Structure formats: structure tokens, C-alpha cells
Amino acid sequence: MHPGIEPMLIERGFEVDLVPSISKEEVFEIIPKYHGLVVRSKMTIGKELIDRAVNLEFIARAGAGLDQIDPNTLTQRNITLLNAPEGNRDALGEHAVGMLLCLLNNMHRAHQQILNGVWDREGNRGYEIMGKTIGLIGFGNMGQAFAKKLQGFTSRIIAYDKYKTDLKTSLAQMTDISGIFEETDILSIHVPLTSETNAMVNYEFLSSFSKPIFLINTSRGEVLPLKDLVRAIGEGKVRGAALDVLENENLDELSTEELETLKALQASGKVLFTPHVGGWTFESYEKINLVLVDKIHSLYRSESK
């Protein structure tokens, strides 16, 4: 956590222990005495921990994704779950635009070529965003932030969200999944990781588009099986991909198959990688604090009325 969260909570009347170097075993040991728990994305919170947290009233996740937290156990215990997508949505929207510009104009590839003494103008001829149809799957905080950042590019933006079918917005034209498949030139994924979205963007999914697409994934790596992406790129179904997330982000612990898949994507020259930093800026690090502290404070303020 950004250290600024401690004085902000104390100012609102909370007692706080900021322990960034704590181990998982130590969390289990001390959790019974706490009423609230503030965590980052890599902290797994399951039934075993919740059962020990006898006084727990809320869990606050610094960021957007909640896939490491067991919601059913929280519901059974009446524990409130808070997150802060409002704190890093602008960072992610900007990052997705940056990745898109880099991908369409081969900046990542051209940069490396020049470092290697290769000057290839024709091989790095790019595409313009103007005039393209950009399809968004998932239109919550992150999808809407990306759509907002795209407004000046004179592109057409369509969006599909299974849980926002009646949404009225000027940022995008809402459509169904068949509309996404039929019209998209550039696809950007903005869904949470759930049992429903795990491996959703697989080979069959990528084969459903009526034309070759560019693909951006800033959501969760497990949504997009990389072996299926390798196949789709090889068959020309995907022109290029920008990935801020991977199925396995522990690069020192990749299986043989995972390593071969990653090398195949790298060798294609059509994939841009960043290390899960889409929503991780100096500004968002602090904004997440503000959002979480306000939500925690509001939780108890509303209960006291």
C-alpha cells in the first residue's frame, strides 16, 4: 500500500497497522483481532483465512480485480467487500491507448530493429485508429475509461457488456456479441476474471470475427489462453496483440509449454508486452488510497446513522 493511507485512515478515527512486509503465515496469526483488512491484488483470501477472521467487517482491495477473494464466504459472514477501480481507471485507459498506438505503428518492433542496426520503413508501415471500429468487451470502469480516452481519434466505438444491456451512454454504441464479432477491427478486453470469463477469449472466440483484428488485453491473463492466441496469429485471425497481463506472470516459474508459447508470441513480432502495469502509475497509487479511505469511512458513517 502507498504509505499515505495510514495517516488518512487515522485522521478519520481508525486504528491502523501498516505491515507491508508481513508473511501469509503472520496474517493468519494476527487476523482474529482486526475489523478491516486492506490488501493488494496478489493476496489470496479464502475460507480458511476468513474463518480465522472472527471480527472482520470489511476487506478493501487496492485496485479493481477481486478474483483472489472468495465472495461466497464473505457473503455468508456479512463481510463487506470494497475495491477502488475509480482510482486506477484513468491510468489503465491511457495505458491501453498507448499500447494501441504502439501496436498499430509497430513501435516496439521498430525500436528493437534500430537498436540492432536495422532501418526498415516499409516493414513498419502502420495503421491509423481513425476510421476503425473498436469493440470493447466489458463496459465498467475500465472499459468506459478507455472509450473516453479514444474520443479524439475519430473512430467508431462499440461495446458489449452482458450485465449492462440497458446502459445509455455517449461513449460507445452498445451492441450484442454478434455485433462485436461482425464489426470489430480492434478488440479490447475489460472483463473481470470469473468462472464465466476464464478462457473466454479462446481460439473458437477469436475465429468468430468476420475480419482479422488487433487485440488488447489489460484485464486478466487467464481470460485469453496464449496457446490459442499463437494459433490465431499464425492463421491471420489476429493481426497483432498488446498484452499487459499473462496467464502466468511468474516468469521464473513457467512450465515448458508456457515458455514455448511465450517464445512463439515473441518470435511472431506481432505481440507487445507490458508487465501488468496498465493501472499502475505514480498518480493511481495515491488515487487508490483516496478512493478506499472514502469508501471505508462511508461504510461506518452510514452504519452510524
Side-chain angles (χ1 to χ4, degrees), residues 1-89 138-144 161-167 190-198 200 219-220 222-223 279 284-305:
M1 297 300 303
H2 187 285
I5 195 169
E6 184 176 18
M8 291 170 65
L9 284 167
I10 290 173
E11 184 181 341
R12 287 163 175 78
F14 295 96
E15 295 181 26
V16 181
D17 289 332
L18 185 65
V19 283
S21 60
I22 194 170
S23 68
K24 182 178 179 180
E25 292 73 23
E26 289 171 322
V27 174
F28 273 77
E29 189 176 310
I30 68 172
I31 195 63
K33 71 177 183 177
Y34 288 96
H35 299 97
L37 182 62
V38 184
V39 299
R40 295 208 60 83
S41 62
K42 297 302 181 184
M43 176 72 181
T44 301
I45 299 175
K47 187 176 186 304
E48 186 181 0
L49 178 61
I50 298 304
D51 285 346
R52 287 188 59 81
V54 293
N55 289 306
L56 201 64
E57 297 173 355
F58 75 86
I59 294 174
R61 154 79 168 93
L66 300 173
D67 45 276
Q68 296 292 331
I69 301 173
D70 178 7
N72 295 326
T73 304
L74 298 191
T75 301
Q76 293 168 9
R77 283 279 310 281
N78 199 29
I79 296 170
T80 300
L81 180 58
L82 306 171
N83 66 340
E86 303 90 344
N88 63 348
R89 62 188 176 190
F139 205 61
N141 279 281
M142 304 306 169
Q144 291 180 41
D161 192 310
K162 182 178 180 180
Y163 300 99
K164 291 183 170 64
T165 53
D166 297 326
L167 180 66
H190 300 280
V191 296
L193 177 61
T194 65
S195 58
E196 188 176 22
T197 63
N198 197 327
M200 179 182 76
S219 61
R220 283 293 185 266
E222 294 90 338
V223 172
S284 71
Y285 194 23
E286 297 189 50
K287 285 188 207 175
I288 286 170
N289 271 2
L290 294 171
V291 172
L292 277 188
V293 170
D294 283 346
K295 288 185 177 182
I296 293 168
H297 190 211
S298 295
L299 176 66
Y300 287 96
R301 192 166 49 201
S302 62
E303 288 181 354
S304 65
K305 290 181 180 179

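Here the structure is a predicted model, which is why all the values come from computation and not from measurement.
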Passes side chain to side chain contact (heavy atoms under 4.5 Å, CB included), His2 versus Ile288? Steps please. CA-CA 9 Å; His2 187 285; Ile288 286 170; over 6 Å; no
Give the intermediate values and the outcome of side chain to side chain contact (heavy atoms under 4.5 Å, CB included) for residues Leu167 and Gln144. CA-CA 12 Å; Leu167 180 66; Gln144 291 180 41; 4.2 Å; yes
Take Ile69 and Leu74 through the side chain to side chain contact (heavy atoms under 4.5 Å, CB included) test and state the conclusion after the steps. CA-CA 9 Å; Ile69 301 173; Leu74 298 191; 3.7 Å; yes
Set out, in order, the CA-CA distance, both residues' side-chain angles and the distance that settles side chain to side chain contact (heavy atoms under 4.5 Å, CB included) for Ile296 and Val38, then state yes or no. CA-CA 10 Å; Ile296 293 168; Val38 184; 4.2 Å; yes
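One finds the CZ atom of Arg77 at 6.5 Å from the CG atom of Leu56 (value rounded to the nearest 0.5 Å). Taking CD1 from Ile10 and CD from Glu15, the interatomic distance works out to 9.0 Å, rounded to the nearest 0.5 Å. Distance check: Asn88 CG to Asn83 CG gives 9.0 Å after rounding to the nearest 0.5 Å. With rounding to the nearest 0.5 angstrom, the CD1 atom of Ile50 is 7.5 Å from the CG atom of Leu37. From Glu196, atom CD reaches atom CG of Leu193 across 11.5 Å, with rounding to the nearest 0.5 Å. Between atom NZ of residue Lys24 and atom OG1 of residue Thr44 there is a gap of 6.0 Å, rounded to the nearest 0.5 Å.
The side-chain hydrogen bond (donor to acceptor under 3.5 Å, both in side chains) search around Lys164 returns none, not counting sequence neighbours. Listed by chain and number, the residues in a salt bridge (charged side-chain N to carboxylate O under 4.0 Å, His left out) with Glu11 amount to none (sequence neighbours excluded). Every residue was checked against the side-chain hydrogen bond (donor to acceptor under 3.5 Å, both in side chains) condition with Glu29, not counting sequence neighbours, and none meets it. Looking at residues two or more places apart in sequence or on another chain, you find no salt bridge (charged side-chain N to carboxylate O under 4.0 Å, His left out) involving Arg40. Glu86 meets the salt bridge (charged side-chain N to carboxylate O under 4.0 Å, His left out) test with Lys295; sequence neighbours excluded.
Using a 4.0 Å cut-off between a side-chain N of Lys or Arg and a carboxylate O of Asp or Glu, Asp294 and Arg12 qualify as a salt bridge.
Shown here for Asn289 and Ile5, the closest heavy-atom pair between the two residues is ND2-N, 3.1 Å. The minimum heavy-atom distance between Ile79 and Ile59, with the atom names listed, is CG2-N, 4.2 Å. Minimum interatomic distance between Asp161 and Gly140 (heavy atoms only, all atoms of both residues): OD2-N, 4.0 Å. Contact detail for Asp70 and Gly46: the closest heavy-atom pair is CB-CA, 4.2 Å. Taking every heavy atom of both residues into account, Ser219 and Val191 meet most closely at CB-O, 3.2 Å. Met142 and Ala64 get closest at one heavy-atom pair: CE-CB, 3.5 Å.
With Glu26 contributing its side chain and Ser23 its backbone, the two residues share a donor-acceptor pair below 3.5 Å. Formation of a donor-acceptor pair under 3.5 Å by the Arg52 side chain with backbone atoms of Phe28 is found in this model. Using a distance-only test at 3.5 Å, with no hydrogens or angles considered, a donor-acceptor pair links the side chain of Asn55 to the main chain of Pro32. Listed for the Tyr285 side chain is a donor-acceptor partner under 3.5 Å among the backbone atoms of Met1. At distances below 3.5 Å, not a single donor-acceptor pair connects side-chain atoms of Thr197 with backbone N or O atoms of Met200.
Side-chain contact between Thr73 and Glu48 is absent, with no heavy-atom pair separated by less than 4.5 Å. Looking only at side-chain heavy atoms (C-beta outward), Asp17 and Ile30 stay at 4.5 Å or farther from each other. Residues Val19 and Val27 are not in side-chain contact: their nearest non-hydrogen atoms beyond the backbone lie 4.5 Å or more apart. Using a 4.5 Å heavy-atom cutoff, the side chains of Arg89 and Val291 are not in contact. For the pair Met8 and Leu290, the minimum side-chain heavy-atom distance is below 4.5 Å.
For residues 4-25, every residue pair satisfying the ring pair (Phe, Tyr, Trp, His ring centres under 6.0 Å) rule, not counting sequence neighbours, is listed here: Phe14-Tyr300.
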